[in-house]
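As structure tokens, the structure follows; a few thoughts come after it.
Residue indices begin at 1 and follow the sequence shown.
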Amino acid sequence: MPMGCFFMSKDMASKNLRPLPIGISDYIETVTDCYYVDKTLLIRDILSKKTKVYLFTRPRRFGKTLNMSMLQTFFEDTGEDKSIYFKDKKIWQCGTRYTDKMGTSPVISISFREAGADSWRECYSEIKKVIVKQYEKWADIANNPKLTPNEAETFNAIVSKRAKISDFKDSLQLLSDLIFKCNGNKPVILIDEYDEPIQKGYLNGYYDKVIKFIRPLFSKALKDNANIEFAVLTGINRVSKESIFSGLNNLKTYSILDDNFSEYFGLTRDEVKEMFDYYGYSDSFDTACKWYDGYRFGKTDIFNPWSIINYIDDGASSEPKDYWINTSGNDIISDMLKSTTPEVLNNLIALLQGETVVALIDENLAYPDLKGDVANVYSLLLMSGYLKTQEAQFYSLPENLASEMAKRHNYCLAIPNEEVRDEFFLFIKKLLASFYAKEPDGKLFIEIWDAITARNAETLECSLSGFLSSTASYFDTAYESFYQGFMLSVCAYKWGKYHVRTQIPSGKGRYDIGLEPREKGLPGVIIEIESVTKSRPNYTGSLDILAQAGLEQIKSREYDRDMRSHGVEDIIFAGIAFNKEDVRVAIE
């Protein structure tokens, strides 16, 4: 989370409650002034594992930066007593084996959060600034008599940004060596958002250049470096060893698929329940579960912390908001989906409709190969927080394809919660539009939508048929989900004014597509889709009858019950039947 001021609502202030740490990633500021969810046992587990280099991969806004600040606060030797920040925390109950480590290490702490740029020149400039800042922190080393003339010269060249690029590639290793040489204690290295410049390099055409720099920067500082205590890296994805971690055999990755450390990033159910009780919003806990729960890290049920604290700060109203939508970067996923296959797109539609998809997940990503492997779509969506795992299966590789992993995993995937469903829909609506209609301006969709709201069956049939007649190549593989996907892409253009839902329970069943207005005065829409292609290959009846059956199903199963309970009085019912390019509509 970026640094910023904390916020306190009038209601919190009147009740003398601690403010929420919205936008705060500094541990000391958080525990001193704000409500803090205790994650200090992360310190215990890091010390207990005795791993040399840790890599934690998690989606954005799940507390990685705050945890890194906590580690720095605990371990860094600043000459002050740090116990005030930890005496009332869980780590203090673990005994002197752990607390004796407090304030005993020099710390090199860097963040690449802002290091990504549109060009390699800008990126390299930002990386240099990050490194120079750490050298400036240890400026006194330059005058230490223990340094050789060459070491002192290189140190000063880096501080003044006059050093060669080869010196900057060696800079983290050199700094750790000199700190140990002059201080006598091995430093801890913390690298936050390590993969940001790599992602930007991939997207902006300088991937090879950034890899050529990052690989020696990390390898020299982290591989078999006897002069560091340990290192912790955080990021969203694990970049393959071949890319930047070649030969780094002392690295251990803990992703969202691992049980170890699973409870330290994000909020557990008990932690969220305690927060809601503290702020007096216990009645809203179930709503929060529906909207912000559903993530699964290892075997731990996890809530989105950014959304939870914003929801509580807004008073935990009955109408939740999409807080995560403007904070999560998805440029790489958007780029990769431009060249996706019809099969993947149909699976994305199925996910939107509340179904699950079984897919092979590969945690080791090589960005140049992203578009060559369908599994990478699901892997990126999972690691970035758009999907969750439900269960794993083992998939054995053929002997001739066996690599560093003896086994890969097939996972059952689903959308975690309602907030992500909203974002997921927005995320792929342009993809749906271009894939199905090939109309970036959406004129056809507007025409279709106008026909729906006017309850004009004839115009709607004509518009849909006109589109489908130009898309006949898809009919060989078209299941009912094809038509649902097309209608979803139509509805996406009204997302700002409607909650668009698919396969939602209401009345005596689940409707195919429903649009519940966000504003009073707009009509609701419920659509039931029927198709002959694939799903009814032996059907010989009239499409008019099939469309009418869809309309009657909406009424007989009372699909409108949920919307009406929310105060929506005017609801459009539409049964739409498809047989390749032929369309019939029953609407009222």
Side-chain angles (χ1 to χ4, degrees), residues 1-6 18-48 50 54 56 63-111 113 129-147 155 159 172 175-192 221 227-234 264:
M1 300 179 188
M3 290 293 293
C5 299
F6 62 81
R18 293 175 72 84
L20 291 156
I22 298 177
I24 297 178
S25 58
D26 181 79
Y27 175 78
I28 293 177
E29 184 178 3
T30 301
V31 299
T32 302
D33 299 324
C34 305
Y35 187 99
Y36 175 67
V37 178
D38 194 340
K39 299 292 183 179
T40 58
L41 291 184
L42 172 64
I43 299 167
R44 177 201 64 187
D45 289 359
I46 284 177
L47 290 173
S48 297
K50 292 296 183 180
Y54 298 84
F56 297 110
K64 298 189 297 292
T65 301
L66 180 57
N67 277 342
M68 294 291 264
S69 178
M70 175 190 69
L71 295 175
Q72 180 175 357
T73 302
F74 184 85
F75 287 105
E76 190 166 32
D77 180 7
T78 60
E80 64 175 309
D81 182 10
K82 301 290 187 67
S83 63
I84 187 174
Y85 306 120
F86 294 96
K87 277 188 174 180
D88 60 343
K89 304 297 183 289
K90 295 177 181 178
I91 186 62
W92 209 257
Q93 309 304 316
C94 296
T96 56
R97 174 188 173 188
Y98 303 100
T99 56
D100 283 352
K101 294 289 185 179
M102 184 176 61
T104 59
S105 299
V107 173
I108 300 171
S109 178
I110 65 177
S111 173
R113 179 184 296 276
K129 289 178 184 178
V130 171
I131 294 172
V132 167
K133 186 176 180 180
Q134 287 301 301
Y135 270 70
E136 290 174 340
K137 174 182 173 181
W138 297 94
D140 292 345
I141 285 180
N143 301 317
N144 194 299
K146 294 182 179 180
L147 266 64
F155 189 98
V159 170
L172 289 184
L175 184 58
S176 65
D177 291 347
L178 296 184
I179 289 173
F180 178 61
K181 187 175 186 178
C182 299
N183 182 283
N185 292 321
K186 297 179 180 181
V188 170
I189 296 181
L190 305 175
I191 303 175
D192 196 26
N227 293 333
I228 64 171
E229 190 69 27
F230 63 87
V232 178
L233 291 78
T234 70
Y264 299 132

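Here the two rings, on Y27 and Y36, have centers that are under 6.0 Å apart.
The distance from the CG atom of N67 to the OG atom of S25 is 11.0 Å, given to the nearest 0.5 Å.
No option in Y85, F86, W92 other than F86 meets the ring pair (Phe, Tyr, Trp, His ring centres under 6.0 Å) test with F74. For the pairing with S111, the side-chain contact (heavy atoms from CB on, under 4.5 Å) check across V130, T65, D192, L190 returns one residue only, D192.
Across all non-hydrogen atoms, the minimal contact from I110 to Q134 is CG2-CG, 3.4 Å. Heavy-atom minimum distance, D77 versus T104: CB-C, 4.3 Å. Taking both residues in full, the closest heavy atoms of I191 and I189 are given as CG1-CG2, 3.8 Å, listed atom of the first, atom of the second, then distance. Summarising the geometry of I141 relative to L147, their closest heavy-atom pair is O-CD2, 3.4 Å, with the distance given to 0.1 Å. Looking at every heavy atom in both residues, I43 comes nearest to M70 through CG1-CE, 4.1 Å. For I24 against C34, the heavy-atom pair with the smallest separation is CD1-SG, 3.7 Å.
A 4.5 Å side-chain heavy-atom check between P106 and W138 finds at least one atom pair inside the cut-off. You'll find the side chain of S48 reaches within 4.5 Å of the side chain of Y98, heavy atoms only.
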side-chain hydrogen bond (donor to acceptor under 3.5 Å, both in side chains) between S109 and Q72, intermediate numbers included: CA-CA 7 Å; S109 178; Q72 180 175 357; 3.2 Å; yes

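Remark: E76 engages K137 in a salt bridge, criterion side-chain N to carboxylate O under 4.0 Å.
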